[in-house]
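A quick note: this is a predicted structure, and the numbers were derived from the prediction, not measured. Side chains included, hydrogens not; waters and symmetry mates left out as well; all remaining heavy atoms used.
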Amino acid sequence: MKMIEAKDICTAYLEGYFYAKITEHLITGKIHSSDLDALNKLAVESMKDYIEYSAFSNEEKEEMKNNYEHWADITLHGIKQRLRDSHKLYE
């Protein structure tokens, strides 16, 4: 059986904390469309860096590079629509 390392536990905790803080704001407050656009841009840049420095093969990297902006745009559209539907999006 594989043991979970302390760094993995810490990483999972911090990621969970970040997601909880972001989700809390989305659930209890309203968010500006421009803030989501900025987050989308940051996510695309982060994904670009992740792909560049990952251990994937060059072929896998090329496939990921062709899709990451599309995935981010689709995700952003879905998030905005859900927030619109719940009247939590300032446009």
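The neighbour count for Glu63 CD, taken as heavy atoms of other residues, nucleotides or ligands under 6.0 Å away, does not exceed 12. Counting non-hydrogen atoms of neighbouring residues, nucleotides and ligands closer than 6.0 angstrom, the CD atom of Glu91 exceeds 12 such neighbours.
In this structure, Lys65 pairs ionically with Glu52, as a charged nitrogen and a carboxylate oxygen lie closer than 4.0 Å.
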Stepwise side chain to side chain contact (heavy atoms under 4.5 Å, CB included) test for Leu83 and Leu36:
CA-CA 11 Å; Leu83 289 170; Leu36 289 175; 3.6 Å; yes
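We find the NE2-CD1 distance between His77 and Ile74 to be 9.5 Å, quoted to the nearest 0.5 Å. Atoms OG and CE, from Ser54 and Met47 in turn, are 8.5 Å apart once rounded to the nearest 0.5 Å. Taking OG from Ser57 and CE from Met64, the interatomic distance works out to 10.0 Å, rounded to the nearest 0.5 Å.
Screening residues 38-50 for salt bridge (Lys or Arg N to Asp or Glu O under 4.0 Å) gives Glu45-Lys48 as the qualifying pairs, with residues at least two apart or on separate chains. Legend: ring pair (Phe, Tyr, Trp, His ring centres under 6.0 Å) pairs involving residues 41-60, not counting sequence neighbours: none detected. Sorted by first and then second residue, the salt bridge (Lys or Arg N to Asp or Glu O under 4.0 Å) pairs with a member in residues 68-83 read Asp37-Lys80; sequence neighbours excluded.
With no hydrogens or angles considered, no side-chain donor-acceptor pair links Glu62 and Asn66 at under 3.5 Å.
Residues Asn40 and Ile79 have side chains not in contact (no heavy-atom distance under 4.5 Å, counting atoms from C-beta outward).
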